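No experiment lies behind these values; they were computed from the predicted model shown.
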Amino acid sequence: MRSFLIGLLLAGAIAAPAVAQTSPAAKPADEVKRIVEQTYNVQVLRVTEAALEDGTAVYKVAAMMPGTAGNAAFMVNTLTVDAATGLALPPFRHHAAGYSLPQGGSYEPNRTSNNPAVARGHTWR
């Protein structure tokens, strides 16, 4: 019995470093900001911690295009970035029966309350 417990403890001690290496630690927000700015040539406005539906740690990064980007100048987009690698994740999640859209946000055009056309009952498309 005693040798069994010692063997179990030794097996746990040997396996612990392997388990620690398979779950990478999240990068700090400052490093993710630097990676996104260098990779996509944008200005990062805000970095917020979040989690996906499966519990994966991610950052929501609000990034603004530079003024030299032509028609896309100063456009702001929100990227979902993997906290462990600092790489952007795709907005769609593919499943066997199709895909799922990202959660949150509105996909309805011109439905803001401060738009006078909406007050008149007309929606621009």
Side-chain angles (χ1 to χ4, degrees):
M1 178 71 173
R2 185 174 182 187
S3 62
F4 175 73
L5 290 175
I6 292 173
L8 190 61
L9 288 174
L10 286 175
I14 293 171
V19 171
Q21 291 174 355
T22 58
S23 59
K27 293 184 183 296
D30 294 337
E31 186 175 349
V32 169
K33 177 182 176 181
R34 184 186 55 78
I35 290 170
V36 170
E37 285 180 340
Q38 288 178 351
T39 304
Y40 299 106
N41 189 28
V42 294
Q43 177 185 355
V44 173
L45 304 174
R46 180 178 56 248
V47 179
T48 308
E49 291 182 13
L52 295 178
E53 297 86 18
D54 63 356
T56 305
V58 295
Y59 287 109
K60 297 288 187 172
V61 178
M64 181 175 68
M65 297 292 289
T68 59
N71 287 341
F74 306 112
M75 182 173 63
V76 177
N77 288 312
T78 301
L79 302 172
T80 303
V81 177
D82 185 17
T85 62
L87 301 175
L89 297 174
F92 298 103
R93 304 280 180 256
H94 293 277
H95 305 289
Y99 61 88
S100 62
L101 294 171
Q103 300 299 317
S106 173
Y107 300 103
E108 297 293 328
N110 274 339
R111 301 255 188 232
T112 60
S113 60
N114 59 358
N115 187 342
V118 173
R120 291 190 305 269
H122 181 74
T123 303
W124 291 93
R125 303 244 172 194

Hydrophobic cluster (4.5 angstrom, side-chain heavy atoms) - remaining members for Leu52: Val58, Leu89

Would you please name every residue forming a side-chain hydrogen bond (donor to acceptor under 3.5 Å, both in side chains) with [X], sequence neighbours left out?
X	value
Arg34	Gln38
Thr56	Asp54
Thr48	none
Thr39	none

Non-hydrogen atoms of [X] and [Y] that approach each other most closely:
X	Y	result
Ala57	Asp82	O-OD1, 3.6 Å
Ala50	Lys60	CB-CG, 3.9 Å
Val42	Glu37	O-CG, 3.3 Å
Ala88	Tyr40	CB-OH, 3.3 Å
Ala83	Tyr59	CB-CE1, 3.8 Å

In a table with atom names and distances, give each donor-acceptor pair under 3.5 Å that connects a side chain of residues 71-78 to protein atoms at least two apart or in another chain.
none

Please examine the side chains of Arg46 and Val61, heavy atoms only from C-beta on, and report whether any two atoms are closer than 4.5 Å. no

Do Val47 and Met65 share a hydrophobic cluster (ILVMFWY, side-chain heavy atoms under 4.5 Å, transitive)?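 Yes.
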
Checking side-chain contact (heavy atoms from CB on, under 4.5 Å) between Val32 and each of Val44, Leu79, Thr85, Val81, which is the one that passes?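 Checked Val44, Leu79, Thr85, Val81 against Val32; only one passes side-chain contact (heavy atoms from CB on, under 4.5 Å): Val81.
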
